[in-house]
Each structure stands twice: as C-alpha cells, then as structure tokens.
Amino acid sequence: MTPPARAVEPAAPAAATGRRLPTGWLPYLLIAPAVLSLGLVLGWALLRNVLISFQEFGRRQLITRTTEWAGFDNYVEVLNNPRFWDTLVRTFVFMAVNVVLIMVLGTLIGLLLNRLGKKMRLTLSIALVMAWAMPIIPSTVLFSWIFHTQYGLMNWFMGTLGFTGFEQHNWFGTGTSTLAIATLLIVWMSIPFVALNLYAGLTTIGGEIYEAARMDGASAWRIFRSIVLPIMKPFFLITTFLEIIWVFKAFAQVYALNGGGPSRASETLPVMAYIEGMGQQQFGAAAAISVLTLLILLGAMSYYFHLILKQEKEQQS
Amino acid sequence: MKRKLMAAIGVATLAVGATACGTDDSGNGGNGGSGSGGNTDSITVWLMDGSAPDAWIEELNTAFEEEHGVSVNVEIQEWNGIQEKITTALSEDGTVDVLEIGNTQTVGFAATGGLADLGEFEGEAWNATMLDSATVDDTLYALPWYGANRVVIYDKGIWEEAGAEVPTTRDEWIEALELIEENTDAEPIYLPGQSYYVMGGFIADEGGAFAVQEGDEWTGALNTPEAEAGMEFYAQLQEFSNSPTDNDEASPQQSTEVVPQGDVASWIGLGWEAGGAIATIEEQGEEADFGYFPVPGKTADQPGHVFLGGSNLAVSERAGDQELAKEWLRMATSQEWAQKFVDENNGGVVPNRTDVTASPEEDTFAAAMVQSAEVGYLPPLTTGWANVEVVPNPIKDLMTKVLNGEDYAAAAEEADAEITTRINRD
C-alpha cells in the first residue's frame, strides 16, 4: 500500500505580475478629467433639468427671465395626464419589440458570420458596417422617402407584387404603422452592433468544444444553448441592457419620421418631452417628464446592476 | 473588474440617455450674445419670408441710413417654427430690434412682456380691426403693417378647356370642379388636408368659430353643428384634390413645390404665394396663366369668409437700441412709406392705415382679395391662441382624422378639450 498522496504544498505565491497598481491620489488624478467633463457636460444639464421641473417655466418666464417655483405642480400635472400613461405603455411595448428583434436577428446574423466563408463574411461585414455607420437623420429621411405616400418605393413595390390598395397608401396614417416603420429603422440600424460583437466574441471559442459537443450528438440548438450562451452570457447581458437604454431614448428616429404624429399617436417618452417643451413651450412639464423618464430607466436598470453585483459576489466566493 | 467596468458603462450610457431627453432648456438665454443690433451702428429687423418687396425694403433702408447714419440689417425668417425663434430672440439682449409678428400671435407675445410699449404711436390713422390684434389691455404693443387674405387662384387654360365658369356660389364652385374632373386630366383643386384657416372660413360661413369666450374662459367650439358643416364642405372640396390628408399648405410648399409641377387647375393661396408660383413657373421657362376669384360663399350676394391674415411690426423690449428701432418703425409705417408698400405690392395687400389707398387693377389677385376682405374673420384674439397654433395643432389633427373617415363628433370633442386647455394658458 502506498500512502495516500498528499496534497502538494503550494509553492511560494507567484511573484507579483508586472508593476504594482498605483495607490494614493494618483488614480483619482487620472480619472479627474473624465469625471470633471462628465460633471460639466451631463451633471450640469441634469441639475438644470431637475431645477426646471420644479418651476413654472414657459414662454413668459423665458422672456422676462423670472423664476417661478411651482413645487411638485408639474409632476402632479404630468402624472394626472392620461397621455403620459399611454405614452409610457407605448414606450415600453415599442422598446420590448425592438430589443427582442434586435437581439434575435443580431444573434442569428452573428452566428451566420461565424459560419460563412471568407468572401461572404467580408461582404456581410461591409454591409453591416455601412448600415451602422449611417448617421441617424439621413437614414430616417431615407426611410420616410421609401414609405412616402405619393412617390414612395414601398407603395410601388407592393403594387408590383400584385397587392391592391397600396396606391397612395399612407404608411404614416396611424401611430402603430409609424412606430412599425420606426422599429424597422431602429432594428436595421442596431443589428450590426450585436452581430459584429457577437462574431468577435465567437472567434474566441475554440473549435474543439464544438467538435466535442458534436461527437456527443448535440444538435445545433443544444450547442447554442449549452456552449455559446453560457460562454457569451456577459456579452448577451450587456448588449441587451445597452439596447434597452438605446431604444428607450431613441428620439431622432421617431421624431424625424412623423413628429410623433399623427395626433401624437407615435410619441414615445423622449418625443413627448420634446413636444411638450419645444413645441408647446411648457418647459417645466417637459423637464418633469424627462426626470420621470430618468427615474423609470433607473428603476429598470437597477435590476441590471443587481445582476452584475450578484455575479461579482459569486466570483469572489 | 470586468463586470465593474460593464456597470460603469451602463451608468454612463444611462446618464447620456437621460440627459438627451433632458436638455430642453436650450434658449434659456442669459446675457450672452449681443447680436448685430447690440451697438448703435446698426439695427436688426426680422421680416417674414414673402412679406416685403425687395425694392421697398432697400429704398426704405437707404432713406433711413441717410437720416440716422445707422445701417439696417434685414434678416428674413421662415414661418415654420417662428414662435420658438421669436421666444428665444425676445429673451436675449440685442438679438433683434424690430420684428414682424403674425397678427394671430402678436397678443400672445405682447402678454409675455417681451414687446416694447408703443403707446406713443396711438392716435394715428390705423386700420381699426388690425389694431385689435396688436393691443393688450388698452396698451399698444405692435403697429399694423399689412393685411392679406386668401383667394382662389385658377389656371385659365385648364378652366377654359373644361368649359368651367368662374363661380359665385359654393354650388357653382363644385359644379366647376366636377367639369374639370370630367373633361381634363388636371387636378381640379389642390387642397392639402390641414389648411385650417381655409376651413375656419367655412366654419365662419355657418356662423361658427374655432373657440368661444364665456366670461374669462375660452372653450373650443369645434364640436358644434356649425363647425361640422364647415368641415363637411372642406372635405367635399378636398375630395377633388390628390393631396394627402396629413399635410398643410407649406409641406410641401404649395406655391413653389406643387403648383409649378403643372396640372393643378386651382388652389387657394395668398398674394405672395401666387407671386412665388408665377416666379417658379417662369424660371422653368413656362408662362403662368392665372385668374383669381374670391372664395365663393353659400349665396351669390356674399363671398365666403376668409381669414384676415396679416402682420404687425413690434419692437423688442430687449432691443439694442429701442429709440432707433422705434424711429425705423415710425418711418416704415408712416403714410408715405405705407402707401409705397401698397403700391409696390400692386395693391395686393390690405393697407394698415386709413389714409393709404389700394387701387388694384382689374383681374388681378388684389382685385379678388379686396372683394372678400370685407367678409373676413380672425381667430380668437387672446393670449392663449398662440398656444393652440403650435405643433401639434389640434385643429389640423382633427381635419386629418375626419378626412380619413373618423367620426366627427368624437374627434371634435378631443380637439375641443385640447384647445380649451391650451387657450386658457398664458
């Protein structure tokens, strides 16, 4: 009988790798410019916005330069306005549809990129990068031309395909139809980010894992679920949350398509804040709406932070 | 470490998103930006697109420069989005000295305290109706400059081809449009879905109005039989047009972007629009052959009601030099220059003074306009009316809904609620 093998005594801790991290005031000094500029650019605007939300602030106050504190009047008014709640629900539905579409289609295209041959991958990548590089307003204008009532490509196309009733069809005639076009636009613009990043992440997964899985008879779906998903989990998490934030605050796409119309039926929260503020010159109410938007987003995002903190803890233990 | 980074990115993106919806305090002007009018070497005058004939403005400014040794910068503004622009300008020092304000918006801006008191000009021979649109609580904040109203502009060639006659009643008008539809390939009338001042005329024909005053409060008056009848006639006319139902006369600009494309048998427009259309058509190397007639009324003895449009001239309370601004105003609205203004427009405007005469030639825009000027209407002259006219305009929304086949009463009730909220806000 041989004595049981004893655990090998750990060797002396590995020599500290590289340089030591700087301590003392140096780290703070290094991030100071970033913090300072953020504070100036964002913090100040945010503070002003919160202040305005507690004021009666319209055309008269702007011109006479007076400050009229109104307490929570703006908030009470906004929260009692049925339009705010309609818009809130609309914003969430719009966001959910967009994010799901973006993530699903983006993931599929990302997986496709990984499987394609060199030439096709290059072609697809170029197409994606171009869609991504397109500035928002030109692409929005382009989409509103495609769906133009009289000269639009879409009506011609539907007619050519043999569908009737599309001569002079007004695609911006209802809020739902307008938001559907906005969805198409936003999804088209957002897919490249997901697809390209996923592809970049996938290249780090070694081929032997797939091979092993296939040897065990795993289906494509199983491979995705048991290999790609767990490995890429941090990617999926952050991308989903980024997309939620981006779609939630999407303003230019919705506003430039139809100005929140017809009859304000395609307004999302940021568009509503803009229309109340710039259009109606009710800056106090508009500021209240944007503060509420911020709070709602913070609430939704707190789940994300919770998730990240939890993972952090799990890793440490 | 990696996840902390992600959290940081999340927070930063969130903040960017939040502030993107939060930066609506632009235009909250401090003391910055002393514009070109900030010194006494020059004054800045804002005029609206299409208002003043170039020759008149040049001659006037030359005369003013000779007298006062001060140059005048005229900056031409677009009507689209003008309220926001004026608000910003009035809140800043020396951005603008004299500015043209539409007669439906003057009262609203006067109430903000942004316009200088022009009491010293009281008692001159002003057109009384126009003066109403420039006065708040018996104080004069602007001077009438000109009035204008819409007429029907028609293509003589197409009407002749169709065998249509110039109508004097609504029924004859519809008959003429039917003839054009049957006998020609042209669009009988170009009428966008949201030309709400035209529609307001039809409501006025029935004895209605956009809003009515009860005591101190105003309420929307679209959910009434009068307004419904007015809208019904508008819809009947709009049937003859190929225009979409969700645009107004400025999108696309009917005078320069629609009519010159050809095949428009008639349209409803202002004098400057007629001029713009003729100029564009001539640029294309063609010739415009326009005739004009007043918007027909229900019976032959009275033309239809038309919106008495027009502009006033005001001085900014924060003008770089109020005295000079008032001097320019005094000159521009004096009998001599007002008469020149009317002459330069070939009588195509309603004069601002009773001592100025407009004598339009036969068969011109002006002649048709003068005929219906007596049957004019003004929207509610209250400080809150400007709030109703800003985007999104509830009257325009109502028109689109009804033209798309929605129930009138329900849509009108919604529009009335919106009008009532906004019109009572200062």
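Chain letters run A, B, ... following the sequence lines, proteins first, then strands; residues in each count from 1.
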Working to the nearest 0.5 Å, report the span between CD of A:Gln280 and CD of B:Gln83.
10.5 Å

Separation between CG of B:Leu90 and CD1 of A:Ile63, rounded to the nearest 0.5 Å:
4.5 Å

Contact class of A:Gln61 relative to chain B, heavy atoms under 4.5 angstrom:
neither

Output yes when B:Glu84 and A:Arg59 qualify as a salt bridge under the 4.0 Å nitrogen-oxygen rule, no when they do not.
no

Kindly check if the number of other-residue, nucleotide or ligand heavy atoms within 6.0 Å of CD (B:Glu257) is above 12?
yes

Heavy-atom check, side chain of A:Ile275 versus side chain of B:Pro392, under 4.5 Å
yes

In this structure, are over 12 heavy atoms from other groups packed under 6.0 Å from A:Trp69 atom CH2?
yes

Above 12 or not: heavy atoms from other molecules or residues under 6.0 Å from CG of B:Asp407?
yes

Just wondering, are more than 12 heavy atoms of other shown residues or ligands nearer than 6.0 Å to CD in A:Glu68?
yes

Given heavy-atom pairs under 4.5 angstrom as the criterion, report whether the side chain, backbone, both or neither of B:Ser316 touches chain A.
neither

Enter the distance from B:Asn387:CG to A:Gln282:CD here, rounded to the nearest 0.5 Å.
7.0 Å

Taking it one step at a time, do B:Arg318 and A:Arg65 satisfy side-chain contact (heavy atoms from CB on, under 4.5 Å)?
CA-CA 11 Å; B:Arg318 297 187 199 282; A:Arg65 296 182 194 161; 3.3 Å; yes

Between A:Gln281 and chain B, which part of the residue has a heavy atom less than 4.5 Å away: side chain, backbone, both or neither?
side chain

Please state whether the side chain, the backbone, both or neither of B:Ala111 comes within less than 4.5 Å of a heavy atom of chain A.
backbone

Heavy atoms from other residues, nucleotides or ligands near CH2 of B:Trp79 exceed 12 (cutoff 6.0 Å):
yes

Here the gap from A:Asn170 atom CG to B:Asn247 atom CG, rounded to the nearest 0.5 Å, amounts to 9.5 Å

With a 4.5 angstrom heavy-atom cut-off, is it the side chain or the backbone of B:Lys401 that approaches chain A, or both, or neither?
side chain

About how many Å separate CD of B:Glu418 and OG of A:Ser263, when rounded to the nearest 0.5 Å?
10.0 Å

If the condition is side-chain contact (heavy atoms from CB on, under 4.5 Å), which residues does B:Leu403 pass it with, not counting sequence neighbours?
B:Met231, B:Tyr234, B:Ala235, B:Gln238, B:Thr245

Reported CG-to-CG distance for the pair A:Asn258 and B:Asp246, which is rounded to 0.5 angstrom:
6.5 Å

